[in-house]
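Take a look at the structure below.
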Amino acid sequence: MSRHAPLVTLLLTLGLPAANAKVRLGDTLPTHPWESGQRELVVIYAGGCGDMGELWDAALSSGLPVRAVFAEGDLGRTVGAPVQPWQGQEATAFARQLRVAQYPTILLVEGGRLINVWEGEVPGDLGE
């Protein structure tokens, strides 16, 4: 991971939004339990996402605040997130209001509005 521009590296690693994404850029986030910052990443995931270690490393290396939303499944059967996830019926409703089509989904949010989205598996090597 580049130490000079971690956000740029994360964006290049994740690539362009998937063509089948239903989440709409420019939309505001539905109701959530955190204070929105100027720019932040929201990682929405579910049981069955598999090993997300490299994804979490890339997100945390971005230099942005990272929010975790566990939307579906049994949290006890999922590898833990490095940040405390929001979970339960409200978290599921949040993901459904956004029309998340695939987990994990990463949202780049600025001022409470979606400016980029990546859904599904993250392609490529997240190493240096």
### Side chain R113, main chain G26, donor-acceptor under 3.5 Å
yes
Can you confirm whether [X] sits close enough to [Y] that some side-chain heavy atom of one is under 4.5 Å from a side-chain heavy atom of the other?
{"X": "W118", "Y": "L55", "result": "no"}
{"X": "M52", "Y": "V43", "result": "yes"}
{"X": "T105", "Y": "L98", "result": "no"}
{"X": "E40", "Y": "E35", "result": "no"}
{"X": "V109", "Y": "I115", "result": "no"}

### Query
Looking only at heavy atoms, what is the nearest atom pair of F70 and A46, with distance?
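So the two residues come closest at CE1-C, 3.5 Å.
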### Task
Quick one: closest heavy-atom pair of W56 and Y45, and the distance?
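Smallest interatomic distance, heavy atoms only, reads CZ2-CE2, 3.8 Å.
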### Task
With rounding to the nearest 0.5 Å, note down the distance linking CG in L107 to CG in L114.
5.5 Å
### Interatomic distance, T28 atom OG1 to Q97 atom CD [nearest 0.5 angstrom]
9.5 Å
### Query
In this structure, which one of V69, I44, V117 forms a side chain to side chain contact (heavy atoms under 4.5 Å, CB included) with V100?
I44
Identify every side-chain donor-acceptor pair in residues 82-95 under 3.5 Å, counting partners at least two apart or on other chains, and give the distances.
residue: T92; atom: OG1; partner: A71; partner atom: O; Å: 2.3
residue: T92; atom: OG1; partner: G88; partner atom: O; Å: 3.2

### Task
Would you please test V42 and I106 for side-chain contact (heavy atoms from CB on, under 4.5 Å) and show each step?
CA-CA 6 Å; V42 178; I106 301 172; over 6 Å; no
